[in-house]
Each structure stands twice: as C-alpha cells, then as structure tokens.
Amino acid sequence: MLRVAVAILGLATAALTQSLAAQQRAPDSVTAAGVLRASTAVNSVFVDRTHDGAFVGVGDWASYLMARLGVIPIPPDLRIRVTGDTAKVIMASRLGDLPWEARRALGPLVRMFPAETEVAGEISLSRVAREVVRFRLETVRMNGVPLPDPLVQSALFDVGRQYPALTKSGRDLFVEIPRDALVVLESGGVRLIGPPRAPNN
C-alpha cells in the first residue's frame with residue numbers, strides 16, 4: 001500500500017510539474033512587426049468594428065504602446081523582454097542593452113548602476129472613464145529590488161517632458177477607447193472587447 005501511495009504521489013508531482021511548465025510563457029519582444037499586428041487588432045475591434053474582440057500578445061501590445069509614445073520605428077535590436085498576467089505587464093532588460101535614447105531619458109537613474117544590471121518596470125491597467133484606460137508604471141526594480149518611489153519619480157519627471165503622450169509625472173499613459181469597450185489584461189497578453197452591438201431593427 002505504501003508503494004502504491006508513493007507511486008501515485010510521484011505521478012501527481014510529475015503531472016503538476018508538467019502543468020506548471022506548460023503555463024509558463026517565454027517572454028515576448030518589442031518589435032516593429034508587433035506594432036502592426038496590434039494596430040490591426042485595435043482597428044478591427046475599436047475602429048472598423050469587423051470583430052467583436054481580439055487577443056493581442058503582450059509583446060505586441062507593449063510595442064503598440066511604445067509607438068503611441070512616439071518611438072517610431074521600433075529599433076530592430078531592441079532587447080526588451082515582456083511578460084504579463086491578469087494584474088500587470090512587466091518590461092525588462094539589462095541597462096546595457098537599452099538604446100542610448102532610453103538611457104538618456106532615464107538620466108541619473110541608470111548612471112548609478114552597472115551595465116549588466118537588470119531593470120524591470122511593472123505596469124498596471126485601470127479604467128478611469130467610460131472611454132479612457134490608463135497604463136501606469138507602478139514599480140521599477142533593479143536586480144529584482146524595488147527602487148524608492150522618490151528616486152523613480154524624480155527621474156520620470158524628465159521622461160514626462162521628453163514624451164508628451166505621457167502625463168507630466170512620466171508614469172501614466174492614457175488611451176482612448178470606444179464607449180463601453182474593454183481592454184483586459186490576461187496571461188500573456190491583452191484582450192480587446194468591442195462595445196455591445198446595437199440590436200437589429
């Protein structure tokens with residue numbers, strides 16, 4: 001009986017390990033092609049209304065947001081890894097792999113750390129009006145350690161001045177969507193849901 005129990009426990013552990021491995025997604029990338037794919041999805045759901053909804057991979061969505069900020073074209077050698085779940089989007093890279101423009105925008109915040117330092121930004125999504133959603137940089141981590149908010153805030157004020165699409169704080173990007181439409185974070189991406197269709201007369 002003990003052997004049977006051990007065997008069952010072993011099989012259950014193996015199944016759980018395989019299940020967890022299957023749920024883990026490899027990081028997506030920020031690319032110029034991602035801007036096109038995300039823009040096509042946005043247009044089909046929110047503009048042309050040819051689809052009721054669409055799923056956009058988190059890397060493509062991050063690419064789309066960067067294009068909204070004015071980063072056009074997306075550099076082909078941009079090494080930013082993007083992951084996401086139902087609570088947040090995480091964009092990560094090594095400081096040394098960030099483009100010179102990004103390092104300049106972050107100013108003294110990055111000059112304090114060596115090039116091999118891992119930097120990650122955690123971005124939340126919230127609805128602030130019937131036609132507006134907000135993406136907000138909640139936390140910046142260096143090698144997994146959250147930076148003090150006053151330090152982050154002082155650096156992001158400069159970012160806000162350089163990118164007019166952001167708020168003055170440099171932390172918030174507001175995106176207009178159709179009334180009663182939805183943008184929802186999911187594991188590995190973003191779900192776009194168009195507004196309810198008017199009933200046929």
Side-chain angles (χ1 to χ4, degrees), residues 27-32 34-39 41-43 46-47 56-75 77-85 87-95 97-113 117-142 146-179 181-185 189-190 192:
D28 286 349
S29 301
V30 174
T31 64
V35 178
L36 179 59
R37 288 190 293 265
S39 297
V42 168
N43 289 338
F46 291 160
V47 180
V56 181
V58 68
D60 289 355
W61 189 253
S63 305
Y64 174 76
L65 293 182
M66 290 190 67
R68 292 286 299 258
L69 291 177
V71 184
I72 302 174
I74 301 291
D77 58 346
L78 189 61
R79 298 177 184 175
I80 295 180
R81 305 180 304 278
V82 190
T83 56
D85 55 28
K88 59 187 176 299
V89 173
I90 299 177
M91 301 179 67
S93 182
R94 293 193 324 154
L95 287 180
D97 291 335
L98 292 175
W100 178 82
E101 293 84 356
R103 296 197 299 272
R104 179 176 61 84
L106 293 172
L109 186 63
V110 300
R111 288 197 289 269
M112 300 167 55
F113 300 92
T117 301
E118 287 281 333
V119 57
E122 297 182 1
I123 301 164
S124 66
L125 166 64
S126 61
R127 191 185 194 107
V128 295
R130 290 185 69 181
E131 299 179 1
V132 180
V133 293
R134 178 181 69 180
F135 293 89
R136 178 174 176 80
L137 178 62
E138 298 286 356
T139 306
V140 175
R141 297 178 183 271
M142 293 291 189
L147 291 181
D149 197 66
L151 179 62
V152 174
Q153 194 61 65
S154 64
L156 290 179
F157 274 126
D158 290 334
V159 175
R161 283 195 291 267
Q162 295 178 53
Y163 293 93
L166 292 170
T167 57
K168 291 182 179 180
S169 69
R171 302 187 85 133
D172 301 302
L173 173 64
F174 292 95
V175 177
E176 184 177 358
I177 61 174
R179 181 181 293 265
L182 295 172
V183 180
V184 182
L185 293 181
V190 174
L192 310 178

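Hydrogens, waters and symmetry mates are skipped; everything else that's a heavy atom, side chains included, is used.
Once rounded to the nearest 0.5 Å, the distance linking OG of S124 with CZ of R134 reads 6.5 Å. Note that the CD atom of E138 and the CD1 atom of I123 stand 10.0 Å from one another [nearest 0.5 Å]. In this structure, the separation between CD1 on I90 and CD on E122 is 4.5 Å, given to the nearest 0.5 Å. Atom CZ of R136 sits about 13.0 Å away from atom CG of L125, to the nearest 0.5 Å. One distance of note links CE of M142 with CG of L147; it measures 5.0 Å at 0.5 Å rounding.
Between G57 and D28, the closest heavy-atom pair is C-OD2, 4.1 Å. Across F174 and R68, no two heavy atoms sit closer than the pair O-NH2, 4.5 Å. Here the shortest heavy-atom pairing between V58 and T83 reads CG2-O, 3.8 Å. The two residues D85 and L185 make their nearest non-hydrogen contact at O-CB, 3.4 Å. Nearest approach of P146 to R141, heavy atoms of both residues: CG-NH1, 3.1 Å.
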Q: List the steps and the verdict of side chain to side chain contact (heavy atoms under 4.5 Å, CB included) for V71 and Y163.
A: CA-CA 9 Å; V71 184; Y163 293 93; 4.2 Å; yes

Q: Apply the test side chain to side chain contact (heavy atoms under 4.5 Å, CB included) to residues V175 and L65: give CA-CA distance (whole Å), side-chain angles for both, the deciding distance (0.1 Å), then the verdict.
A: CA-CA 9 Å; V175 177; L65 293 182; 4.3 Å; yes

Q) Does the side chain to side chain contact (heavy atoms under 4.5 Å, CB included) test come out yes or no for M91 and V30, once each step is laid out? A) CA-CA 9 Å; M91 301 179 67; V30 174; 4.0 Å; yes

Q: Determine, step by step, whether W61 and V89 satisfy the side chain to side chain contact (heavy atoms under 4.5 Å, CB included) criterion, reporting the C-alpha distance in whole Å, the side-chain angles of both residues, the deciding distance to 0.1 Å, and the verdict.
A: CA-CA 10 Å; W61 189 253; V89 173; 5.6 Å; no

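Contact of the M66 side chain with the L78 side chain is registered, since non-hydrogen atoms from C-beta on lie closer than 4.5 Å. Contact annotation: the side chain of L166 never approaches that of F135 to less than 4.5 Å [non-hydrogen atoms, C-beta and beyond]. Between V119 and T117, the closest side-chain pair of non-hydrogen atoms is not below 4.5 Å. V56 has its side chain out of reach of Y64: every pair of non-hydrogen atoms, C-beta onward, lies at least 4.5 Å apart. Counting heavy atoms from C-beta on, the side chains of L192 and V183 come closer than 4.5 Å.
Considering only residues two or more places apart in sequence or on other chains, S169 meets the side chain to side chain donor-acceptor pair (under 3.5 Å) condition with T167. R127 meets the salt bridge (charged side-chain N to carboxylate O under 4.0 Å, His left out) test with no other residue; sequence neighbours excluded. For R37, the side chain to side chain contact (heavy atoms under 4.5 Å, CB included) partners at least two apart in sequence or on another chain are T31, A33, D60. Shown here are the salt bridge (charged side-chain N to carboxylate O under 4.0 Å, His left out) partners of K168, two or more places apart in sequence or in another chain: there are none. Under the rule for a side chain to side chain contact (heavy atoms under 4.5 Å, CB included), the partners of V35 that lie at least two apart in sequence or sit in another chain are S39, S63, A67, I74. For E176, there are no salt bridge (charged side-chain N to carboxylate O under 4.0 Å, His left out) partners, not counting sequence neighbours.
Between the side chain of R179 and the backbone N or O of E131, no donor-acceptor pair lies under 3.5 Å.
Between R81 and D97 there is no salt bridge, since none of the side-chain N atoms of the basic residue sits less than 4.0 Å from a carboxylate O of the acidic one.
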